[in-house]
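Have a look at the structure below before the remarks.
Throughout, a chain's letter reflects where its sequence line sits, starting with A, and its residues are numbered from 1.
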There are 2 protein chains.
Amino acid sequence: MILKLRYKLWIEKDGEKVFGDGPLDILHRVERTGSLRQAAEEINMSYSQAWNLIKDLEKRLGFNLLKRKVGGERGGGSQLTEQAREMMMKFEIFHEEADQSLNSLYKKIFK
Amino acid sequence: MILKLRYKLWIEKDGEKVFGDGPLDILHRVERTGSLRQAAEEINMSYSQAWNLIKDLEKRLGFNLLKRKVGGERGGGSQLTEQAREMMMKFEIFHEEADQSLNSLYKKIFK
DNA sequence: TTGCGTTATATAAATAAAAGTATAATAGTA
DNA sequence: TACTATTATACTTTTATTTATATAACGCAA
């Protein structure tokens, strides 16, 4: 019987999500493309949904994740803030180490 | 800014959930009360939902979690199978150790 | 034989989440 | 000035999930 460990990790503030895999992925794509719209498109998420997601996170966190530019050449765009980069980096390291830790624990107990 | 780590752990087989916190809790209550209906009632879950949940898990796992008795004194009831006990025990140990591991990791990286 | 509390099961209703649509505002540039 | 691709925002529609309702079968006990 091949069972597999699954898990989800995220960060909350006052009982509300403020960071997780979804935001991490979107922010990486914003970093690369320079546009929230393109980032959303890449993962087949509607722009409005992506926009609401980021807006909610920012509101809860109390700081901006994106530096926006509306209009202008190429219509504008978005870039990461320093605080966004810091959060991403910490979450990535945590996620990576957690993955190793959980999987070795799982093997120890279930195999 | 007080951020809090949150996580969810569960076991899958062929991409479908076969065990997690919910089932663990219900099975504990069945063990104590001798009845799936009472177990469901305790956590304000409809009996049909609890029944479907357990039935689906059993189907996916390929073995029974409950020994059922229909009719008879007190209408019948349900008891845990040995395999259910084993799964519960392993998952509990895993969960407990994972909790410690994740939280110390979280402190190390986020604090 | 009737009542009881359970398991077993299907179906409907309600709620929540996700996805989609529409439109305004913006500021460089051709 | 007209065009462009973006951010910003409000709604509507659709889908998925959860919850509720209803009913049958069962077997012991009074």
Side-chain angles (χ1 to χ4, degrees), chain A residues 6 8 10 12 15-61 63-81 84, chain B residues 6 8 10 12 15-18 20-23 25-61 63-81 84:
Chain A
R6 295 271 292 153
K8 240 182 182 318
W10 70 95
E12 286 192 357
E16 292 185 305
K17 280 191 187 178
V18 292
F19 212 78
D21 286 316
L24 179 63
D25 183 36
I26 290 177
L27 292 178
H28 269 306
R29 292 170 192 276
V30 170
E31 185 173 35
R32 180 163 43 74
T33 61
S35 155
L36 179 56
R37 177 173 297 279
Q38 282 181 51
E41 205 163 279
E42 285 188 351
I43 54 173
N44 297 313
M45 175 182 269
S46 72
Y47 169 73
S48 64
Q49 193 181 354
W51 182 83
N52 272 305
L53 175 67
I54 298 294
K55 196 195 63 174
D56 287 347
L57 295 187
E58 290 179 331
K59 193 175 176 182
R60 291 168 189 165
L61 283 168
F63 60 80
N64 278 4
L65 294 166
L66 298 183
K67 285 179 282 187
R68 286 114 160 140
K69 216 174 74 181
V70 182
E73 68 175 332
R74 305 210 329 275
S78 293
Q79 288 188 306
L80 301 185
T81 64
Chain B
R6 295 271 291 153
K8 239 182 185 319
W10 69 96
E12 286 192 357
E16 294 185 305
K17 279 191 187 179
V18 293
D21 286 317
D25 183 36
I26 290 177
L27 291 178
H28 269 306
R29 291 170 192 277
V30 170
E31 184 173 34
R32 181 164 42 74
T33 61
S35 154
L36 178 57
R37 178 173 296 280
Q38 281 182 53
E41 204 162 280
E42 285 187 351
I43 54 174
N44 296 313
M45 175 183 268
S46 72
Y47 169 74
S48 63
Q49 192 181 356
W51 182 83
N52 273 304
L53 176 66
I54 298 294
K55 197 195 61 172
D56 288 347
L57 296 188
E58 289 180 331
K59 193 175 175 183
R60 292 169 191 166
L61 283 168
F63 61 81
N64 279 4
L65 293 165
L66 298 182
K67 283 178 282 189
R68 286 114 160 141
K69 217 172 72 180
V70 182
E73 70 174 330
R74 304 210 328 279
S78 294
Q79 288 189 308
L80 302 185
T81 63

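Between B/Gln38 and A/Met45, it is B/Gln38 whose nearest contact on DNA chain C lies nearer the 5' terminus. DNA chain D is contacted by both B/Gly72 and A/Arg37; A/Arg37 maps to the nucleotide lying nearer its 5′ end (nearest heavy atom per residue). Taking for each of A/Ser48 and B/Lys69 the nucleotide of DNA chain C with the nearest heavy atom, the 5'-most of the two is the partner of B/Lys69.
By the 4.0 Å N-to-carboxylate-O rule, B/Glu12 lies too far from B/Lys17 to be salt-bridged with it. A salt bridge between B/Arg32 and B/Glu42 is present, with a side-chain N of the basic residue lying under 4.0 Å from a carboxylate O of the acidic one. Taking 4.0 Å as the cut-off between side-chain N and carboxylate O, B/Glu58 and B/Arg68 count as a salt-bridged pair.
Taking atom NZ of B/Lys59 as the reference point, atom C1' of C/dA8 lies 15 Å away to the nearest angstrom. The separation between A/Arg68 atom CZ and D/dA8 atom P is 4 Å, rounded to whole Å. Counting to the nearest Å, the P atom of C/dA8 and the NZ atom of B/Lys67 are 14 Å from each other. Per the geometry, CG belonging to B/Asn44 stands 14 Å off C1' belonging to D/dT18, to the nearest Å. If you take CZ of A/Arg74 and C1' of C/dT26, they are 15 Å apart, rounded to a whole angstrom. Whole-Å rounding puts the A/Asn52 CG to D/dT9 P distance at 9 Å. For the pair A/Trp51 CH2 and C/dA19 P, the interatomic distance rounds to 18 Å; values are reported in whole Å. Atoms CD (A/Gln49) and C1' (D/dA16) sit 14 Å apart, rounded to a whole Å.
Shown are A/Leu65, A/Asn64, A/Leu66; of these, the side chain to side chain contact (heavy atoms under 4.5 Å, CB included) with A/Leu80 is made only by A/Leu66.
Counting atom types as modelled, A/Ser78 pairs no side-chain N or O with a base atom of D/dT7 as donor and acceptor under 3.5 Å.
Counting any heavy atom pair closer than 4.0 Å across all strands shown, A/Gly76 reaches sugar-phosphate atoms only and no base atom.
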